[in-house]
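Each remark here refers to the structure printed beneath this line.
All heavy atoms count here, side chains included; hydrogens, waters and symmetry mates do not. All of these numbers come straight from a predicted model, not from anything done at the bench.
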Amino acid sequence: MRQPSFGPPRERSQAGFQKVDKQKRATLLRMFSFVFKHYKWAIVVVLACVLISSLTSLVSSLFTKTLIDDYIVPLTQVDNPEYHSLAQTLFILGLILFFGTICSYTYNRLMIHVSQGTMLRLRKTIFEKMQHLPVSYFDQRSHGDIMSVYTNDVDSLRQMISTAMAQVFSSVITIVATFTSMIVLSVPLTLVSILMAVVMMIATTQLGKRSRSHFRTQQQRLASVNGFIEEMMTGQKVVKIFCHEQQALRDFEDINEQLRSSAYHANRIANIVMPVNGGISNFGFVLLATVGAAIALSQCSMFYVQCSISLGTIVAFLQLNKSFTRPISQVSQQINSVLNASVGAERVFALGDAEPEVDEGTTELTDPKGDVDFTDVDFGYIPEKQVLFDIDINTNPGQKIAFVGGTGAGKTTIINLINRFYEIQNGRILYDGIPITDIRKESLRKGMSIVLQETHLFTGTVLENIRYGKLDATDEECIKAAQLVGADDFIRRLPNGYQTPLSGDGGNLSQGERQLLAIARAAVANPPVLILDEATSSIDTRTEQLVQRGMDTIMQGRTTFVIAHRLSTVRNADQIIVLDHGHIIEQGTHDQLIALKGKYYQLYTGNTI
């Protein structure tokens, strides 16, 4: 399947600050490339409208010279001035400026369309990519941090696209056109303007470099705040049970203060760019007026060229100088959103560039029997820390295999390996005699159902949550699965029965009821392999007996892997495998292990040999 892409990956070859600066440019370039790829013609129209709007603004500045030198001064020197030609010229100028206003309105509306459409595509692209990421990616990151990419980081890009992009286009056009006109009007004054523009650019660049690191820290701490809030919301009952409210508040105040501090330092530096450039611009205006007046009042030459200028030229040049320095001021005004967006883009692209789950399998399971075997399997979540050692398990289709052992013994890890949530370092795992690495992951996972220790229900009706295990299942099949596991009774007592809507991860149900629905979801899939990871851990004893009868029915003819702390639920298992620190230390039936009087005997009876 084709993986979603944002385009070429960022360059990572440089070191130190040069690397950071190069990555910033590469990130922004990728962002603009992504926008142009999907909105090429809209951007072309925007460019045309920006060009026209900028040129009309330039025309109004140049008209000042004509107005003063060709109309105002001559009209003041005659006794009976004629205003007809002036009125006609002003009318034409008004039409030009009106057309420029229409173009400005058009490109601003288009940029709203482009920015919102880009956000739609970005979220769709990273959500698609997220579906192809391995489980390990989510195990290593908080949900709040990932959610921050979809919300804060993507929104920072929207702000930049909707405002900064058009201003960049406008600034480039304005600078080129204005600079050309300034040279034509006066070379000496142009040199003064260039000097002041260079000073403004240096100030903007230096302040931008200082604030960028703070903006990166701000985004990271914002993600931490989101992650903490998400944890507190999902664990609110635990917080209240243990009277942890004040400690939670202190923890939140701490990370919230860290966010405030980083945001303060980022914006403190960035927000002084506009006042600094404004001061430089005002100083340049005064300097230009002084130099221009000195030239106008004296007869001077430069490079053997007479440089005397008229009053209209000075006034027009001062207007052009504003047009020349305004783009730099506009860019500096947007420096917050640009820097924030570049950091946000890095986080968005980091998610987009994350390595997808690798699937080199080519074999399809056409008629799976459910024969799962482990041979000399070694595994570690990180290469330096091995957690499973020489795991050998031989099963026959239809057998019930139980894993027991203390916390951290490796029971859930073995389950994760069967699904290929993680890849083993050594050994082989076979499904119907085929190495699972040769089987397509989708086909492999369809050949088994799993009920996890942590139950998750989706927004929708009870029936839709059961059908999640098999999307083409009929209502009758879903109801039959619920009856099989003993969930039908409590479902029919709900306000709307099977059509009762669930939200907030099934918060209106008890933990036991939620787990029954998860078991029904696994049952409706009707696979040859069933995995139960503490599937009855939150069900009371009476309900557990009802579920157990249903589970016994489900497990008939299926290979079942069971993890349970209640050893009474696995007495009838065909094999009980005792794990300790990643090693299989005992293996056999209940009676065999009791007779052995080893670790299982201690766990079952509570006696120490």
Is the shortest side-chain heavy-atom distance between [X] and [Y] below 4.5 Å?
{"X": "Arg121", "Y": "Phe34", "answer": "yes"}
{"X": "Arg123", "Y": "Val154", "answer": "yes"}
{"X": "Glu513", "Y": "Leu494", "answer": "no"}
{"X": "Arg420", "Y": "Asp359", "answer": "yes"}
{"X": "Tyr107", "Y": "Val45", "answer": "no"}
{"X": "Asp254", "Y": "Arg250", "answer": "no"}
{"X": "Met31", "Y": "Leu122", "answer": "yes"}
{"X": "Leu517", "Y": "Tyr468", "answer": "no"}

Which distance, rounded to the nearest 0.5 Å, do you find between the [atom1] of [X] and the [atom2] of [Y]?
{"X": "Thr106", "Y": "Met111", "atom1": "OG1", "atom2": "CE", "result": "13.5 Å"}
{"X": "Leu365", "Y": "Ile439", "atom1": "CG", "atom2": "CD1", "result": "4.5 Å"}
{"X": "Leu509", "Y": "Asn465", "atom1": "CG", "atom2": "CG", "result": "9.0 Å"}
{"X": "Ile436", "Y": "Ile424", "atom1": "CD1", "atom2": "CD1", "result": "6.5 Å"}
{"X": "Glu355", "Y": "Tyr137", "atom1": "CD", "atom2": "OH", "result": "11.5 Å"}
{"X": "His113", "Y": "Asn108", "atom1": "NE2", "atom2": "CG", "result": "14.5 Å"}

Please walk me through it: do Ile466 and Ile491 pass side chain to side chain contact (heavy atoms under 4.5 Å, CB included)? CA-CA 11 Å; Ile466 297 175; Ile491 293 175; 4.2 Å; yes
With side chain to side chain contact (heavy atoms under 4.5 Å, CB included) as the criterion, how do Thr118 and Arg158 come out once you've worked through the C-alpha distance, each side chain's angles and the decisive distance to 0.1 Å? CA-CA 8 Å; Thr118 300; Arg158 176 196 61 79; over 6 Å; no
Can you tell whether the side chains of [X] and [Y] come within less than 4.0 Å, N to carboxylate O?
{"X": "Glu477", "Y": "Arg521", "result": "no"}
{"X": "Lys129", "Y": "Glu357", "result": "no"}
{"X": "Glu257", "Y": "Arg260", "result": "yes"}
{"X": "Asp472", "Y": "Arg467", "result": "no"}
{"X": "Glu128", "Y": "Lys124", "result": "yes"}

Looking at every heavy atom in both [X] and [Y], which two are closest together, and how far apart are they?
{"X": "Thr500", "Y": "Gly497", "answer": "OG1-O, 2.8 Å"}
{"X": "Gly344", "Y": "Leu157", "answer": "C-CD2, 4.5 Å"}
{"X": "Lys470", "Y": "Val524", "answer": "CD-O, 3.5 Å"}
{"X": "Ala177", "Y": "Leu55", "answer": "CB-CD2, 4.1 Å"}
{"X": "Cys478", "Y": "Leu463", "answer": "CB-CD1, 3.6 Å"}
{"X": "Gly117", "Y": "Tyr39", "answer": "CA-OH, 2.9 Å"}

Taking only residues two or more places apart in sequence, or in another chain, which ones meet Thr413 in a side-chain hydrogen bond (donor to acceptor under 3.5 Å, both in side chains)? Tyr381
Would you say [X]'s side chain and [Y]'s backbone share a donor-acceptor pair under 3.5 angstrom?
{"X": "Ser156", "Y": "Asp153", "value": "yes"}
{"X": "Ser115", "Y": "Ile161", "value": "no"}
{"X": "Ser53", "Y": "Cys103", "value": "no"}
{"X": "Arg141", "Y": "Ile146", "value": "no"}

Is there a donor-acceptor contact under 3.5 Å linking the side chains of Asp488 and Tyr498? yes
Between Ile415 and Phe421, does the side chain to side chain contact (heavy atoms under 4.5 Å, CB included) criterion hold? Intermediate values first, please. CA-CA 9 Å; Ile415 299 303; Phe421 288 158; over 6 Å; no
Before you tell me yes or no, could you show the steps for Phe458 and Leu502 under side chain to side chain contact (heavy atoms under 4.5 Å, CB included), namely the whole-Å CA-CA distance, both residues' side-chain angles and the distance that decides it to 0.1 Å? CA-CA 7 Å; Phe458 298 91; Leu502 301 178; over 6 Å; no
